[in-house]
Amino acid sequence: MIVLGIESSCDETAAAVVKDKKEVLSSIIASQIDVHKEFGGVVPEVASRIHVENISIVIEKALQEAGLTMDDVDAVAITQGPGLIGCLHVGVQAAKTLAFAWHKPLIPVNHLAGHIYANLLVTDVQYPLLALLVSGGNSELVYMPDEHTFEIIGETQDDAIGEAYDKVARVLNLGYPGGPKIDKLAKEGHPVYTLPKPRTEGRYDFSFSGLKSGVLQFVKRMERTGQEWDMADLASSFQETALNEIFDKVALALQDHPEVKSFIVGGGVSANSRLREKVQELAEKYPEIQFNVPPMSCCTDNAAMIAVAGQIAMEDGRRADASLTADASLELM
Ligand code: KG4
């Protein structure tokens with residue numbers, strides 16, 4: 001089965017052709033980072049306009065690179081949500097147009113399911129599975145008893161972890177996107193500063209807004225009192241506190257779910273080098289569980305993961321018709 005995947009939920013316009021959930025025949029990504037960098041973050045209105053300019057070119061290129069035409073495609077998979085509504089609309093309209101002009105099934109995909117199934121591009125997973133989703137818009141712990149069922153057992157009570165990385169980077173004047181910059185800077189420092197430890201209600205829930213404010217207050221206090229401080233140490237202290245928040249909850253979830261056979265990570269923050277080390281540490285502690293962190297190319301937004309998720313959703317009998325609309329806060333189910 002050959003699926004054309006289309007993704008436009010945030011600041012990447014992407015299209016990919018994937019065969020049988022494994023073989024990526026093409027994956028084209030037009031990133032808008034250079035434009036949004038100037039504003040210190042994604043400007044939704046600007047992002048939607050650039051998607052409009054790029055979407056046809058990106059789709060055409062994906063088909064061309066795969067050496068195929070729409071006639072060879074068996075289904076069109078599209079990110080329906082969650083994401084920025086104006087951005088999602090562009091992809092949804094493009095996918096609808098293609099699907100109905102070429103009489104192909106249209107498969108709606110949840111962006112987060114895409115990040116989970118991105119792992120299938122590089123490994124086989126076993127169920128029950130525990131997935132840690134960490135991106136600029138989401139921080140979730142998802143339990144999957146089987147390939148088609150998602151149970152969100154933990155989520156952020158406020159900011160997503162990527163959002164916290166980006167905001168802290170802004171406080172430190174590191175530029176956008178902040179995640180990779182803090183990741184790099186933290187390697188030169190040590191976690192010597194004590195920052196507020198997040199407090200949460202749910203057993204596996206996360207919180208990052210207090211930590212983010214803690215960093216801002218720390219900088220203000222140092223500036224006010226004229227004390228010396230080290231930016232790399234602060235980056236390292238923030239990163240360690242944020243990741244400990246995540247991994248404390250992951251450890252609890254693994255302890256409470258001894259039946260889990262695979263643990264996977266998805267979303268842009270899974271590109272983080274310290275997070276990868278922490279997954280490695282967990283893997284050594286739980287040799288009976290299969291751990292997977294996808295390669296960097298699969299971590300950030302792309303359409304190959306949407307094509308894989310589309311085929312899985314299709315096998316589960318999911319289809320959309322001409323009434324499909326984008327949903328900015330689409331639930332994972
Ligand atoms: O999944 P993604 O590409 O977009 C969505 O949010 O859907 O994730 C982008 C986020 C940004 O917040 C970015 O700062 C963060 O992922 N990120 C990182 C790293 N690379 C990207 N955060 C920490 N360390 C990194 N190396």
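Numbering starts at 1 and runs along the sequence shown.
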Approximate separation, where rounding is to 0.5 Å, of [X] [atom1] and [Y] [atom2]:
{"X": "Leu130", "Y": "Leu254", "atom1": "CG", "atom2": "CG", "result": "5.5 Å"}
{"X": "Met314", "Y": "Gln311", "atom1": "CE", "atom2": "CD", "result": "8.0 Å"}
{"X": "Leu120", "Y": "Met305", "atom1": "CG", "atom2": "CE", "result": "12.5 Å"}

Practice task
Go through the steps for Ile264 and Ile116 under the test side chain to side chain contact (heavy atoms under 4.5 Å, CB included), then give the verdict.
Solution key: CA-CA 7 Å; Ile264 59 166; Ile116 292 176; 3.4 Å; yes

Handout entry: Exercise: do Asp159 and Ser209 side chains pair donor with acceptor under 3.5 Å
Key = no

Practice task
Give a yes-or-no answer on whether the side chains of Gln126 and Ser262 include a donor-acceptor pair shorter than 3.5 Å.
Solution key: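 Side chains of Gln126 and Ser262: no pair found under 3.5 Å.
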
Tell me whether the count of non-hydrogen atoms from other residues, nucleotides or ligands lying under 6.0 Å of [atom1] in [X] goes above 12.
{"X": "Glu201", "atom1": "CD", "answer": "no"}
{"X": "Glu331", "atom1": "CD", "answer": "no"}
{"X": "Glu315", "atom1": "CD", "answer": "yes"}
{"X": "His257", "atom1": "NE2", "answer": "yes"}
{"X": "Lys184", "atom1": "NZ", "answer": "no"}
{"X": "Lys220", "atom1": "NZ", "answer": "no"}
{"X": "Lys21", "atom1": "NZ", "answer": "yes"}
{"X": "Trp229", "atom1": "CH2", "answer": "yes"}

Using modelled atom types only, decide if a donor and an acceptor are shared between the side chain of [X] and the backbone of [Y] within a distance under 3.5 Å.
{"X": "Ser26", "Y": "Ala62", "answer": "yes"}
{"X": "Glu245", "Y": "Ser207", "answer": "yes"}
{"X": "Asp205", "Y": "Gly154", "answer": "no"}
{"X": "His36", "Y": "Val43", "answer": "yes"}
{"X": "Asp230", "Y": "Ala232", "answer": "yes"}
{"X": "Asn244", "Y": "Thr241", "answer": "no"}

Practice task
Start with the C-alpha distance between Val265 and Val134, add both sets of side-chain angles, then the distance that settles side chain to side chain contact (heavy atoms under 4.5 Å, CB included), and finish with yes or no.
Solution key: CA-CA 8 Å; Val265 184; Val134 278; 4.2 Å; yes

4.5 Å side-chain heavy-atom contact, [X] and [Y]:
{"X": "Asp72", "Y": "Thr69", "result": "yes"}
{"X": "Trp102", "Y": "Val76", "result": "no"}
{"X": "Ile57", "Y": "Thr13", "result": "no"}
{"X": "Pro128", "Y": "Tyr143", "result": "yes"}
{"X": "Glu23", "Y": "Leu25", "result": "yes"}
{"X": "Val58", "Y": "Ile6", "result": "no"}

Closest non-hydrogen atom pair between [X] and [Y], with its separation:
{"X": "Ser9", "Y": "Glu7", "answer": "OG-OE2, 2.6 Å"}
{"X": "Ser236", "Y": "His190", "answer": "OG-C, 3.2 Å"}
{"X": "Leu141", "Y": "Ala253", "answer": "CD2-CB, 3.9 Å"}
{"X": "Phe150", "Y": "Ala113", "answer": "CZ-CB, 3.8 Å"}
{"X": "Ala271", "Y": "Asp183", "answer": "O-OD2, 4.0 Å"}
{"X": "Gln239", "Y": "Ala186", "answer": "NE2-CB, 3.7 Å"}

Exercise for the section: Give the C-alpha distance, both sets of side-chain angles, the deciding distance and a yes or no for side chain to side chain contact (heavy atoms under 4.5 Å, CB included) between Ile50 and Asp11. Expected result: CA-CA 9 Å; Ile50 304 178; Asp11 59 346; over 6 Å; no

Exercise for the section: Using the side chain to side chain contact (heavy atoms under 4.5 Å, CB included) rule, take Met70 and Lys104 through it: C-alpha gap first, then chi angles, then the decisive distance, then the call. Expected result: CA-CA 9 Å; Met70 273 307 291; Lys104 305 289 178 184; 4.2 Å; yes

Exercise for the section: Would you confirm whether the ring centroid of Tyr165 sits within less than 6.0 angstrom of the ring centroid of Phe208? Expected result: no

Practice task
Could you label the plane-to-plane angle of the Phe218 and Tyr193 rings as parallel, tilted or perpendicular, counting under 30° as parallel and over 60° as perpendicular?
Solution key: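 Rings of Phe218 and Tyr193: tilted, 30 to 60°.
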
Practice task
Can you label the angle between the Phe291 ring and the Phe263 ring as parallel, tilted or perpendicular, going by 30° and 60°?
Solution key: tilted

Problem - Option among Asn119, Thr123, Asp124 that satisfies the side-chain hydrogen bond (donor to acceptor under 3.5 Å, both in side chains) test with Asn292 - result: Asn119

